[in-house]
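Heads up, the thing below is written out as structure tokens.
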2 protein chains.
Amino acid sequence: MSDFLRRLTLLGLIPRRPQWEGAAAVARPSAGRAPTGKTSAAALLEQLQARGFATNLRAVQRDLVYLDKLFPELEHDGQRAGGRGWWWRADTQVQQLPALDPAMALSFVMARELLDPLLPPPLAQRLVPYYAAAERVLADAGAPGWTAWRERVRVIPEGQPLCPAPIEPAVMGVVQTALLEGWRFRGRYQPRERDLAEYVFNPLGLVFRARVVYLVATLWDYPDPRHFALHRFTQADLLDVAATPPPGFDFDAYLASGTFDYVTADGAPQRVELRMSEAAAAHLEETPLSADQCITAEPQSPGWLRVSATLRETEQLVWWLRGFADQVEILAPPALRARLIADARGLAERYGLS
Amino acid sequence: MSDFLRRLTLLGLIPRRPQWEGAAAVARPSAGRAPTGKTSAAALLEQLQARGFATNLRAVQRDLVYLDKLFPELEHDGQRAGGRGWWWRADTQVQQLPALDPAMALSFVMARELLDPLLPPPLAQRLVPYYAAAERVLADAGAPGWTAWRERVRVIPEGQPLCPAPIEPAVMGVVQTALLEGWRFRGRYQPRERDLAEYVFNPLGLVFRARVVYLVATLWDYPDPRHFALHRFTQADLLDVAATPPPGFDFDAYLASGTFDYVTADGAPQRVELRMSEAAAAHLEETPLSADQCITAEPQSPGWLRVSATLRETEQLVWWLRGFADQVEILAPPALRARLIADARGLAERYGLS
DNA sequence: CACAGGCGCGTCACTAAGTGACGCATAAGT
DNA sequence: ACTTATGCGTCACTTAGTGACGCGCCTGTG
């Protein structure tokens with residue numbers, strides 16, 4: 001096989017050093033798994049051979065020193081018995097094939113604006129090299145003398161901006177590896193109203209809700225799944241014990257059980273009928289509530305429209321409806337109407353109107 | 001310079017064919033600009049030399065045929081006087097250096113879940129190759145016999161899901177190029193209440209709001225900026241006329257002028273005081289409203305808290321406060337309190353409670 | 001503390017591959 | 001039909017990678 005392709009593949013096999021690992025830090029000395037964040041020439045040889053390259057150890061070693069001269073971002077440690085370790089510096093710029101074109105670069109910049117308030121910092125952090133690559137492309141593409149691209153794009157955020165919860169990057173890393181590769185881990189967790197304690201977590205899944213990330217897990221060998229906010233962990237260390245989901249565990253069923261108030265009554269979609277002011281309903285013509293949404297004029301009252309759509313009665317829907325205040329009246333289903341009437345009563349009382 | 005590096009750079013200089021261009025479609029025969037979506041050997045030579053490679057045309061040609069054999073995704077058209085055109089197929093998988101690691105891959109998958117309802121389809125479309133790359137990485141990383149990663153992550157969306165407005169991909173491409181490189185364009189636009197018409201647009205910027213993308217532009221040589229929803233364009237064609245922002249135009253000032261009801265009264269942050277039920281305020285401890293947020297107990301009423309923070313009085317804030325219904329009472333500033341009281345009155349009337 | 005095993009690396013002759021120069025073939029525009 | 005710019009085949013030449021071998025260093029172990 002070709003020289004060029006072998007080296008390119010080799011470069012692709014070298015891992016990037018995780019941001020939360022210090023350059024000199026030695027990965028935890030876990031028995032079975034290879035330490036993350038670096039590879040050896042022997043391991044690379046094996047992976048290359050698995051991809052069909054007929055090569056040998058000496059060639060890989062030669063390639064590595066050759067590439068090391070070309071890429072200053074490529075680093076290695078001293079000579080060790082287990083073989084030299086090779087890795088990309090954590091802050092290496094991403095280079096992509098095919099290169100990022102301005103169209104894709106714009107998508108990245110836009111995505112960043114939309115995501116930054118939503119994604120927890122340790123995850124957002126990891127996309128930074130891509131944003132940087134996108135900014136470089138856009139800076140190149142702009143006509144000279146034309147103001148910077150960022151000056152010509154604005155995102156008006158949808159929700160109220162809130163400061164994101166600070167998650168320990170190392171905790172995020174451990175939880176993620178545990179969940180991805182199926183290991184248990186030992187963690188120190190600070191419950192909301194109790195003392196800091198140490199548990200063994202058997203991870204089942206992650207839930208992102210309202211800018212907070214929750215780990216769903218069982219503790220030790222107890223059967224009942226519980227959830228834990230990631231920003232309440234102070235420490236986490238992988239164990240060499242395989243994770244085992246409790247028999248019959250279904251993630252969606254667990255969510256639907258109401259733990260996260262995702263779905264109120266029951267999950268079945270039903271017909272929702274609204275009376276909305278024209279101003280409030282204006283944007284529904286552009287971005288409908290559902291594929292079967294139907295907007296008709298209200299014959300008796302000019303300036304008002306009748307909107308109906310098939311929707312699931314979620315907390316989000318209630319929040320969204322409340323946002324319109326008196327610009328919307330819920331006609332059906334009755335349970336939803338009753339809920340909004342209760343709100344109205346409560347509000348009147350709160351401000352001493354009744 | 002090295003052989004390997006030159007070829008790698010060369011690959012990076014070859015553009016990806018835009019998705020909205022047919023494989024055989026010839027780019028618009030605009031005079032000054034090179035057609036997008038492909039390059040010639042001569043152009044590549046020039047770019048390589050600009051990057052410090054001492055090379056010649058023949059070498060570039062040889063490299064191209066060499067790489068063509070290695071990468072089936074690399075395509076070219078027949079021999080033409082202007083030089084052969086070279087490009088990556090639109091659906092080429094992205095390959096990155098350093099490779100996407102599972103941690104970054106997770107960020108991409110999460111980002112997709114959060115973005116898909118927010119980003120207009122033609123922009124979201126462009127990130128698909130990256131999502132695909134991330135899914136490949138995660139599929140490799142998972143322990144065998146462990147259920148798929150997607151089954152272990154859920155995002156509970158924040159807003160009410162709405163169907164995104166369908167933007168013509170070619171329109172998005174033209175608007176973007178015009179804005180990025182500074183050209184005017186001719187477009188057919190369907191205003192909300194008037195007939196379809198053709199205008200010459202002098203683009204100034206893009207605004208993303210509530211899942212709709214707006215182009216801010218002046219028409220012909222009129223001085224006043226206006227905004228146009230991208231999904232209302234039926235066609236757009238680049239012109240070879242440079243775009244010129246009207247003298248003194250300031251994008252932020254235009255937005256603040258209230259065109260998009262971004263900021264209500266004035267933009268200055270002010271102290272907001274709230275009385276909230278403990279349940280409603282619970283998440284503010286995790287994700288504060290502002291850095292200086294302050295939560296204290298309400299002495300008279302158990303189960304209630306006093307929250308104060310310095311905020312800008314935006315439409316988003318009002319929507320957010322309405323979402324809590326009677327679980328929050330606005331104490332200050334008075335204008336905001338008056339607004340919520342008016343809402344409560346309106347609601348009581350709407351449901352015939354008063 | 002000495003030993004063994006891995007691994008990195010220097011070196012050799014050999015072989016494969018890229019280089020520069022030249023000329024002809026080919027397609028688009030005049 | 002002519003011009004021009006580009007692609008491409010081919011030559012001897014030069015550079016760079018290959019396979020094989022052995023030395024020495026580092027590490028972990030007895």
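Each chain gets a letter, A, B and so on, in the order the sequences are listed, and its residues count up from 1. These numbers were taken from a predicted model, which means no experiment stands behind them.
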>> Less than 4.5 Å apart, side chain to side chain, heavy atoms only: is that true for B:L123 and B:M172?
In response: yes
> Sequence neighbours excluded, which residues qualify as ring pair (Phe, Tyr, Trp, His ring centres under 6.0 Å) partners of A:Y199?
Replying inline: A:F201, A:W220
>> Expressed as a whole number of angstroms, how long is the span from B:L5:CG to D:dA16:C1'?
In response: 16 Å
> Could you give the CD-to-P distance, from B:E46 to D:dT6, as a whole number of Å?
Replying inline: 11 Å
> Roughly, in whole Å, what's the span from CG in B:L57 to P in D:dT4?
Replying inline: 18 Å
>> Please determine whether a side-chain nitrogen or oxygen atom of B:Q61 lies at a distance below 4.0 Å from atom OP1 or OP2 of D:dC8.
In response: no
> Rounded to whole angstrom units, what separation is found between the NZ atom of A:K69 and the C1' atom of D:dA16?
Replying inline: 11 Å
> Is it true that B:R89 and B:E73 have a side-chain N and a carboxylate O under 4.0 angstrom from each other?
Replying inline: no
> Angle class for the A:Y130/A:F108 ring planes (parallel below 30°, perpendicular above 60°, tilted otherwise)?
Replying inline: parallel
> How many Å lie between CZ on B:F53 and P on C:dG20, as a whole number?
Replying inline: 14 Å
>> Walk along nucleotides 11-17 of chain C from 5' to 3' and tag each nucleotide B, S or - by protein heavy-atom contact under 4.0 Å, base first, then sugar-phosphate.
In response: B------
>> With a 4.0 Å cutoff (strictly under), does any side-chain N or O of B:N56 reach OP1 or OP2 of C:dG20?
In response: yes
>> Check this for me: does any side-chain nitrogen of one of A:D237 and A:R184 sit under 4.0 Å from a carboxylate oxygen of the other?
In response: no
>> Here's a test for you: under side-chain contact (heavy atoms from CB on, under 4.5 Å), which of B:L179, B:T177, B:V175 qualifies with B:F185?
In response: B:V175
> In whole angstrom, what separates A:L64's CG from D:dG17's P?
Replying inline: 14 Å
>> Nearest whole Å is fine: how far is D:dT18 C1' from A:Y66 OH?
In response: 15 Å
>> Nearest to the side chain of B:A42, heavy atoms from C-beta on, is which of C:dG8, D:dT18, D:dT6?
In response: D:dT6
